[in-house]
A.B. asks: 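The following block contains the structure, expressed as structure tokens.
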Amino acid sequence: MEIGIIGLGKMGGNMAERLRRGGHTVVGYDQGPQSARDVSSLGELVERLSAPRAVWVMVPAGDPTRATVRELGDLLSEGDVVIDGGNSRYTDDLVHAELLGQKGIGYVDAGVSGGVWGLENGYALMVGGDKDDVAKVQPVFDTLKPEGEAGFVHAGPVGAGHFAKMVHNGIEYGMMQAYAEGYELLAASDVVQDVPGVIKSWTQGTVIRSWLLDLLVRALEEDPELAEITGYVEDSGEGRWTVEEAINHRVATPVIAASLFARFVSRQDDSPAMKAVAALRNQFGGHAVKSIAKGEAEAPA
């Protein structure tokens, strides 16, 4: 089938290529000057597609996605379908569906997981929307998903796809944090002499094996002591949203919350909270503190 893709970055570009390999006609657009775009504007993209049109939006969540959906609402026609495959918050989906629905344009939200490996391995797809709108673009989903029965789910009405992806990413935060803490403990030990080897040994036969663990092994093979990178870690927003929704629904998610807060700590060169803890320990127990100027432990005055 024909599909327009807006946003040809690492994910969008690879998805466009996988669809072309699967026999679909893809019309790509990107604002980047160096992008391999097929058209120079959203208007031209819409003109190149046959009705009923399907357009996949793969741009950063938030204002870029909102602006793109609004513009498409003015360009598309009744019976067309817009798919948001970015990491939008599910509450935005409800607004977009209402906006487009007033003009008879369908809206589908698709949570996508697979990263840069999706071109060859396929993308896990969590989809929300009306069943008729989903059916219109099902051939695209069938091509993008991995081989086999799993890898695609129509999770529910509009918003369900991005809600599912939000929870997926929250779980991902927790899993990565657990692997990272285990790695740090191994590296801190004088007993274990081959830390990368231990991590790699866990990838076969153990209950904690996973693709994330495989990727950690890959990273350690490239840089055994991870000396070439800093420990500064951003969050995409979905970890925060997961914790907020857990609060809203009174669901305890201590692991996900702790992993999110650990990312906040990673951005501090010298944690003010830990300074306060050190000062308190010094005050009530006379425990030594480390002088910034001297870089060594000092006993209380």
Side-chain angles (χ1 to χ4, degrees), residues 3-7 9-12 14-15 54-73 76 80-102 105-115 118 122-138 140-142 144-146 150-176 234-249 251 253 256-257 259-260 263:
I3 186 166
I5 294 187
I6 303 169
K10 293 180 180 179
M11 286 278 283
N14 281 348
M15 290 170 70
V55 180
W56 189 300
V57 179
M58 204 68 185
V59 301
D63 289 340
T65 294
R66 296 183 193 113
T68 301
V69 170
R70 285 195 299 269
E71 187 172 352
L72 286 172
L76 294 173
D80 295 344
V81 177
V82 172
I83 308 143
D84 178 8
N87 283 331
S88 295
R89 192 165 189 171
Y90 81 98
T91 49
D92 281 357
D93 296 321
L94 306 179
V95 176
H96 293 157
E98 174 65 22
L99 174 68
L100 297 177
Q102 294 173 1
I105 303 168
Y107 179 84
V108 173
D109 57 291
V112 182
S113 182
Y123 302 88
L125 303 168
M126 296 144 270
V127 171
D130 180 83
K131 64 179 182 179
D132 291 335
D133 292 330
V134 173
K136 290 179 181 179
V137 292
Q138 189 65 52
V140 169
F141 296 141
D142 291 341
L144 289 175
K145 69 179 287 295
F152 169 84
V153 61
H154 183 185
V158 167
H162 280 148
F163 195 99
K165 179 58 166 34
M166 175 191 71
V167 176
H168 166 282
N169 280 24
I171 294 170
E172 181 183 291
Y173 274 44
M175 291 177 66
M176 287 193 290
E234 284 285 6
D235 64 287
S236 64
E238 291 189 291
R240 301 186 188 205
W241 302 339
T242 303
V243 173
E244 290 173 5
E245 290 299 325
I247 294 170
N248 292 339
H249 292 279
V251 174
T253 56
I256 295 173
S259 66
L260 172 64
R263 295 193 179 196

A.B. asks: So, D142 versus Q138: side-chain donor-acceptor pair below 3.5 Å or not?
C.D. replies: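 Yes, a side-chain donor-acceptor pair sits under 3.5 Å.
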A.B. asks: Exactly one of I3, V134, D109, V55 should register a side chain to side chain contact (heavy atoms under 4.5 Å, CB included) with I83. Which one does?
C.D. replies: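 Among the candidates, only I3 passes.
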A.B. asks: Decide yes or no on side-chain contact (heavy atoms from CB on, under 4.5 Å) for V112 and L125, but give the supporting numbers first.
C.D. replies: CA-CA 5 Å; V112 182; L125 303 168; 3.9 Å; yes
A.B. asks: Taking R89 first and then E245, would you say they form a salt bridge - that is, a charged N and a carboxylate O separated by under 4.0 Å?
C.D. replies: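 Judged by the 4.0 Å cut-off on N to carboxylate O distance, R89 and E245 do form a salt bridge.
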A.B. asks: Taking the side chain as every heavy atom from C-beta outward, state whether V153 and V127 have any pair of such atoms under 4.5 Å apart.
C.D. replies: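 They are not in side-chain contact.
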A.B. asks: Looking at M166, is its backbone amide N or carbonyl O close enough to the side chain of T242 to form a donor-acceptor pair, meaning the two atoms are under 3.5 Å apart?
C.D. replies: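 Present.
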A.B. asks: Does P60 offer a backbone N or O that forms a donor-acceptor pair with the side chain of T65 under 3.5 Å?
C.D. replies: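 Side chain of T65 to backbone of P60: a pair is present.
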A.B. asks: Return the CZ to NE2 distance between R70 and H96, rounded to the nearest 0.5 Å.
C.D. replies: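 If we round to the nearest 0.5 Å, R70:CZ and H96:NE2 are 7.0 Å apart.
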A.B. asks: Working to the nearest 0.5 angstrom, can you tell me the gap between L100 CG and L76 CG?
C.D. replies: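 The CG atom of L76 is 7.5 Å from CG of L100, to the nearest 0.5 Å.
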A.B. asks: So M15 and Y123, do their side chains get closer than 4.5 Å, heavy atoms only?
C.D. replies: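 When only atoms from C-beta onward are counted, M15 and Y123 do touch, with a gap below 4.5 Å.
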A.B. asks: Taking atom types as modelled and ignoring hydrogens, do the side chains of D93 and Y107 form a donor-acceptor contact shorter than 3.5 angstrom?
C.D. replies: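 Side-chain D/A pair, D93 to Y107: present.
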A.B. asks: Mark yes or no for whether R263, through its side chain, and E234, through its backbone, hold a donor-acceptor pair below 3.5 Å.
C.D. replies: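 Answer holds: yes.
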A.B. asks: Once you round to the nearest 0.5 Å, how far does CE of M58 lie from CD1 of I6?
C.D. replies: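 The CE atom of M58 sits 12.0 Å away from the CD1 atom of I6.
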A.B. asks: Is it true that a side-chain atom of H162 and a backbone atom of G85 form a donor plus acceptor pair closer than 3.5 Å?
C.D. replies: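 Here the side-chain-to-backbone pair does not exist.
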A.B. asks: Check L72, L99, V82 against I105 for a side chain to side chain contact (heavy atoms under 4.5 Å, CB included) and give me the one that passes.
C.D. replies: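 Passing option: V82.
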A.B. asks: Going from CG on L144 to CH2 on W56, what distance comes out if it is rounded to the nearest 0.5 angstrom?
C.D. replies: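 It comes to 5.0 Å.
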A.B. asks: Of the non-hydrogen atoms in A124 and P146, which two are nearest, and what is the gap between them?
C.D. replies: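 Of all heavy-atom pairs spanning A124 and P146, the closest is N-CD, 4.2 Å.
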A.B. asks: Do N169 and K165 pair up side chain to side chain, a donor and an acceptor below 3.5 Å, judged on atom types alone?
C.D. replies: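 K165 and N169 do have a side-chain donor-acceptor pair below 3.5 Å.
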A.B. asks: Tell me the closest heavy-atom pair linking T253 and A246, and the distance in Å.
C.D. replies: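 T253 and A246 have their closest heavy atoms at OG1-CB, 3.4 Å.
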A.B. asks: Please give me the minimum heavy-atom distance between I5 and G7, naming the atom from each residue.
C.D. replies: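 Heavy atoms of I5 and G7 come nearest at CG2-O, 3.7 Å.
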A.B. asks: Using a 4.5 Å cut-off on heavy atoms from C-beta on, say whether the side chain of T91 contacts that of F163.
C.D. replies: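 With C-beta onward as the side chain, the pair stays apart.
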A.B. asks: Quick one: does K10's side chain have a donor or acceptor within less than 3.5 Å of a partner on G115's backbone?
C.D. replies: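 Such a contact is absent between K10 side chain and G115 backbone.
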A.B. asks: Take E244 and I247, measure what side-chain contact (heavy atoms from CB on, under 4.5 Å) needs, and give me the verdict at the end.
C.D. replies: CA-CA 5 Å; E244 290 173 5; I247 294 170; 5.6 Å; no
A.B. asks: Rounded at 0.5 Å granularity, tell me how far OH in Y173 sits from CZ in R240.
C.D. replies: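 It is 8.0 Å, given to the nearest 0.5 Å.
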A.B. asks: Not counting sequence neighbours, which residues clear side chain to side chain contact (heavy atoms under 4.5 Å, CB included) with A160? List them please.
C.D. replies: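 Partners of A160 under the side chain to side chain contact (heavy atoms under 4.5 Å, CB included) test: A155, P157.
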A.B. asks: Are any of the side-chain heavy atoms of T68 and E71 separated by less than 4.5 Å?
C.D. replies: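 T68 vs E71: side chains apart.
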A.B. asks: Could you measure the distance from the CE atom of M176 to the CD1 atom of I171? Nearest 0.5 Å is fine.
C.D. replies: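 Spacing of CE (M176) from CD1 (I171) equals 12.0 Å.
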A.B. asks: Can D92 and S88 be counted as having a side-chain donor-acceptor contact under 3.5 angstrom?
C.D. replies: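 D92 vs S88: no donor-acceptor pair found between side chains.
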